[in-house]
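What follows is a short report on a single structure.
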Number of protein chains: 2
Amino acid sequence: MTQEPKELFKAQEFARLAGVTVRALHHYDKLGLLKPKQRSRSGYRLYSPRDFGRLEQIVVLKYLGMPLKQIRRLLEPDANLSQALQRQQAVLLEKRRQLDRAVAAIQGAQYSFAGRGEPDWNLLKYIVQEMEMQNNTDWTKKYYSAEAQAKVETRKPLWSPELQERVSREWATLFADVESALGEDPASPKAQELAARWKKLLGEFTGGDPQIQQGLNAMYADQSNWPPATQKAHAIKPEIIDFITKAMRAAR
Amino acid sequence: MTQEPKELFKAQEFARLAGVTVRALHHYDKLGLLKPKQRSRSGYRLYSPRDFGRLEQIVVLKYLGMPLKQIRRLLEPDANLSQALQRQQAVLLEKRRQLDRAVAAIQGAQYSFAGRGEPDWNLLKYIVQEMEMQNNTDWTKKYYSAEAQAKVETRKPLWSPELQERVSREWATLFADVESALGEDPASPKAQELAARWKKLLGEFTGGDPQIQQGLNAMYADQSNWPPATQKAHAIKPEIIDFITKAMRAAR
DNA sequence: GTCCGGTCTGACGTTACGTCAGGGTCAAGC
DNA sequence: GCTTGACCCTGACGTAACGTCAGACCGGAC
């Protein structure tokens, strides 16, 4: 008899030890990611402590959000873990940026009003479009130097609760101010000042200076195209966004 | 003739207008999420401006990370948008917390050494396990008051580049210090001080005070169970973690 | 012998489409 | 009238990481 390892575990026990499910073990087995050391005569999976070490690695890498395919490659003897971790981190950071944008959009729409009543569909749509544009305008990142990139990364403020409340209040007052200035000339200094405040505030949660999409005001102005659910959730008048858009265009 | 809307769009044009793919339109159609106003005799989908409004909503809600099923419910006339947004935000924030933990784990393992050489598997595993435990120990959140929760939320520091560098340096010196103290009694004041530093540093990126898992040192100590890939990526000696674990246990 | 808990192997369900495959449609040019 | 190229249609399979049955076998206890 060759010297057998001290212990072998059946599926359930083994799974509990590592904090995964039996089904996951089946899955990893089928993928060739983790095959049990042996099978019993009746076909039961029997895992060794060495298998446990491998499973632990899988669990850790999975925690870092890596896909199983990549994990399999990383568990090969000649894999470059350091590089993989670095890349994975970049992936995670990008995902987080996207999450931040979504969170900020909701924040903006939800708490922009002092009353904290209904979120505003128009504003939500507007913010999301701004962010998508900013996203697409990220050729800056691709074409500018690494240093510029680093600066961009650093500048990101990441909504603190304090910032959030402050911005929330500022939105509320800004809306009120714009509403009372609706009759003004969009090119007037007063309108320009409002537009500047708007732009600045938008920058607070888009994380960069926003580019204003030109053709949207028509969409916002014509409510007839809105499906019913949208029409209910309206606290901000389209005129407000319309006015601001015009004012910004006037500033060229 | 009844008054027809001014325009009808075929799939591609319509898709381009809204920034989605034709295939997505097919998908939404099949799901009943967005059915074109009409079909041509030959079966072509013909979308109206009103459909465009609906599609815009879909795109916005999708940007916020909502699943299509929920979006469909939200587009019904009696939906509660505000509530849905609030819930969605909670979902996003939770996801972001998870991302943060993963990022921090990589940071910790990757940059813990001054040399920035290889990441350390042991430390990585350790950190991840800490975080999982902290995750499971989140009954605090469930059972404590909302105010306590808010404080927890607020406290989160969110790795700034500066913090990251500082922590990175502190890890490096801490490892060196522990290594030179390996012969000491884990209960000695010196060891205790090291353990305290360790605990504090761990807290920096786990975002809370860590709970030390008792049964791990055996695992860390016995390298024979580690699969080959792991053994390469080792800069930190298991003795270091072993020592710290003992010191912390000695502190009871 | 039987019962209960554990294990096995398929196989379908999930999410939001991407990607063919096979086959009509439409307007333009010859 | 015919071809051509751009577009449209409807399946149907693939993706990631398992969850969730379903049907059948195994192993120890009573």
**Q.** Rounded interatomic separation in angstrom, taking CG from A:Leu25 and P from D:dG19
**A.** 10 Å
**Q.** Basic-acidic side-chain contact under 4.0 Å: B:Lys37, B:Asp51
**A.** no
Q: Determine, step by step, whether A:Gln57 and A:Arg54 satisfy the side chain to side chain donor-acceptor pair (under 3.5 Å) criterion, reporting the C-alpha distance in whole Å, the side-chain angles of both residues, the deciding distance to 0.1 Å, and the verdict.
A: CA-CA 5 Å; A:Gln57 291 181 75; A:Arg54 188 174 170 98; over 6 Å; no
Q: Answer yes when B:Arg73 and B:Asp78 have at least one side-chain N-carboxylate O distance shorter than 4.0 Å, and no when they do not.
A: no
Q) Taking NZ from B:Lys35 and C1' from D:dT10, how many angstroms apart are they, rounded to a whole number? A) 13 Å
Q) If you check every side-chain atom of A:Arg45, which of D:dC26, C:dC8, D:dA16 has the closest atom? A) C:dC8
**Q.** A:Glu13/A:Lys10 ion pair, N-O < 4.0 Å
**A.** no
Q | d(NZ, A:Lys69; P, D:dG14) in whole Å | A | 12 Å
Q) Between D:dC7 atom P and B:Phe9 atom CZ, what is the distance in whole Å? A) 17 Å
Q) Could you give the NZ-to-C1' distance, from B:Lys30 to C:dC17, as a whole number of Å? A) 10 Å
Q) Is the distance from OP1 or OP2 of C:dT25 to the nearest side-chain N or O of B:Ser40 less than 4.0 Å? A) no
Q. Does B:Tyr28 put a side-chain nitrogen or oxygen below 4.0 Å from OP1 or OP2 of C:dC17?
A. yes
Q: Would you tell me if any nitrogen or oxygen in the side chain of A:Thr21 comes within less than 4.0 Å of OP1 or OP2 on D:dG19?
A: yes
**Q.** Side-chain donor/acceptor contact of B:Arg23 with base of C:dT19 under 3.5 Å
**A.** yes
**Q.** Rounded distance in Å - CD (A:Gln70) to P (D:dA17)
**A.** 10 Å
**Q.** Which residue lies more 5' along DNA chain D, comparing A:Leu68 with B:Arg39 via nearest heavy atoms
**A.** B:Arg39
Q: Starting from the 5' end of DNA chain C, give me the residue, B:His27 or B:Lys10, whose nearest nucleotide shows up first.
A: B:His27
Q.
I need the CD-P distance between B:Gln12 and C:dA27, as an integer number of Å.
A. 16 Å
Q: May I ask you to verify whether the side chain of B:Tyr44 and the base of C:dG24 hold a donor-acceptor pair under 3.5 Å?
A: yes
Q. Reckon A:His26 has a side-chain N or O less than 4.0 Å from the OP1 or OP2 of C:dC8?
A. yes
Q) Is the closest basic N to carboxylate O distance between A:Arg50 and A:Glu7 below 4.0 Å? A) no
Q: Specify the residue among A:Ala11 and B:Val22 whose closest nucleotide of DNA chain C lies further upstream toward the 5′ end.
A: A:Ala11
Q | Presence of A:Lys62 side-chain N/O under 4.0 Å of D:dC18 phosphate oxygens OP1/OP2 | A | yes
Q: Give the rounded distance in Å between these two atoms: CZ of A:Arg41 and C1' of D:dC25.
A: 14 Å
